[in-house]
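The structure appears below as structure tokens.
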Amino acid sequence: MASELRLKPEVTSGRSRSPLSTLWEDSITILWGDWLDLRVRLVQVAASGLVSPLIYILAFGLGLGNTMRSGMDGGNSYLEFMLPGMVALSSMTICFAGTVFSICGERLFTKNFEEMLLLPIHPLSLYLGKMMAGILRGLMTSGSVLLVAILFTGKIWSFLNPLFLLVLLLNCAVFSGLGVLVGLTVKSLESVGIYNNFIIVPMSFLGATFFEPAQLPAALKVVVYLLPLTYTSIGLRAAAYDMKQFPWYSLVVLAIAALGLSFLGARKFANQQD
């Protein structure tokens with residue numbers, strides 16, 4: 001991948017690039033290298049994170065959901081209640097797993113990761129490029145779940161409004177960033193399973209995807225609100241059905257998490273040795 005990257009000259013049309021412009025263009029260069037590999041697997045990537053959410057939708061939304069109500073104002077069905085959570089779940093899963101395995105493949109198998117580390121660009125650009133590639137994977141997969149949600153509910157604007165998409169984008173940034181850190185840290189693919197079993201799987205069920213956190217006991221509520229996926233689920237749910245009650249703090253929490261991971265990711269790339 002790294003051998004296919006083409007760095008742009010420092011001077012364009014006789015004018016020096018600003019640091020921010022350089023940072024952005026170098027990030028796009030890294031993203032382009034991943035896109036060259038990703039574009040031949042678009043259907044596979046878009047469908048890879050759809051299986052689990054679709055099973056949950058059929059089993060819980062249509063099966064269990066027919067016997068209960070969500071308890072939300074307006075009388076939405078449980079299927080409608082859980083659909084935003086499934087969007088959050090699918091984006092989290094594919095952003096994390098896709099990013100981790102992409103970096104692990106370059107580090108542990110193809111052995112071309114060192115070439116990228118030798119590129120004369122800022123470590124933050126390396127992180128942002130890999131993170132944006134993860135966001136792209138997540139948006140492709142969650143787009144498939146959004147299509148399913150629209151087909152089941154017929155509510156196009158509920159799932160495609162700017163606020164909904166902003167929360168989704170921040171969620172993809174958080175878990176792609178987490179995937180970058182894990183991908184740079186693990187020494188084998190077996191180690192990836194440990195992170196998945198102890199972080200991603202518990203968060204899938206405790207991240208407010210299937211329930212309303214406000215109804216939990218105080219002790220469990222503290223645990224649930226420590227998970228970034230919780231803020232995505234409640235944010236997507238409110239953006240889809242009740243914007244007047246939108247928890248604006250969820251945007252702040254996700255943005256802070258994404259910025260914190262960017263700082264850690266840049267430091268990790270700066271000190272990475274493979």
Side-chain angles (χ1 to χ4, degrees), residues 46-96 138-139 141-172 175 200-251 253-254:
S48 60
L50 182 61
V51 177
S52 292
L54 191 57
I55 291 175
Y56 290 138
I57 290 171
L58 295 176
F60 292 99
L62 297 180
L64 180 63
N66 287 333
T67 65
M68 59 187 295
R69 305 291 290 181
S70 69
M72 295 175 58
D73 294 336
N76 292 320
S77 67
Y78 184 68
L79 173 62
E80 292 176 321
F81 176 82
M82 67 177 293
L83 282 173
M86 292 301 96
V87 175
L89 175 62
S90 64
S91 61
M92 174 191 72
T93 303
I94 197 63
C95 284
F96 177 81
L139 291 178
T141 301
S142 56
S144 302
V145 181
L146 284 174
L147 179 60
V148 172
I150 292 173
L151 291 175
F152 273 110
T153 65
K155 298 179 179 180
I156 300 177
W157 181 248
S158 293
F159 295 99
L160 295 181
N161 65 75
L163 189 56
F164 188 99
L165 296 177
L166 175 59
V167 177
L168 176 59
L169 182 64
L170 287 173
N171 186 64
C172 290
F175 287 102
I200 300 302
V201 173
M203 203 179 306
S204 300
F205 293 94
L206 298 178
T209 51
F210 299 101
F211 56 86
E212 176 56 56
Q215 301 175 359
L216 295 174
L220 186 56
K221 190 182 298 185
V222 171
V223 176
V224 169
Y225 276 103
L226 288 175
L227 307 176
L229 188 66
T230 298
Y231 299 94
T232 303
S233 297
I234 61 177
L236 291 179
R237 199 166 286 130
Y241 304 125
D242 191 6
M243 287 192 183
K244 293 182 180 179
Q245 301 297 323
F246 183 81
W248 295 100
Y249 61 85
S250 63
L251 294 179
V253 172
L254 292 173

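Because only heavy atoms are used, hydrogens play no part in the values below, and waters and symmetry mates are left out as well, while side chains stay in.
- Only one option out of L169, T232, L166 pairs with L254 in a side-chain contact (heavy atoms from CB on, under 4.5 Å); it is T232.
- In terms of heavy-atom proximity, G85 sits nearest to T209 at O-CG2, 3.5 Å.
- Taken to the nearest 0.5 Å, the OG1 atom of T230 stands 6.5 Å off from the CZ atom of F211.
- Here L139 contributes atom CG and N171 contributes atom CG; the two are 10.0 Å apart, rounded to the nearest 0.5 Å.
- When ring centroids are compared, F210 and Y56 come within the 6.0 Å threshold.
- Taking CG of L236 as the reference point, atom OG of S91 lies at 7.5 Å (rounded to 0.5 Å).
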Exercise for the section: Begin with the C-alpha distance, continue with both residues' side-chain angles, and end with the deciding distance and a verdict on side chain to side chain contact (heavy atoms under 4.5 Å, CB included) for M86 and I57. Expected result: CA-CA 8 Å; M86 292 301 96; I57 290 171; 3.8 Å; yes
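- Using bins of under 30°, 30° to 60° and over 60° for the plane-to-plane angle, the ring pair W248/F246 lands in the perpendicular bin.
- Rounding to the nearest 0.5 Å gives a distance of 10.0 Å between CD1 of I94 and OG of S144.
- The side-chain heavy atoms of E212 and F81, taken from C-beta on, include a pair separated by under 4.5 Å.
- To the nearest 0.5 angstrom, F175 atom CZ is 4.5 Å from M203 atom CE.
- Residues P213 and I234 have side chains in contact (heavy-atom distance under 4.5 Å, counting atoms from C-beta outward).
- Using a 4.5 Å heavy-atom cutoff, the side chains of R237 and F164 are not in contact.
- At least one side-chain heavy atom of M92 sits under 4.5 Å from a side-chain heavy atom of I200.
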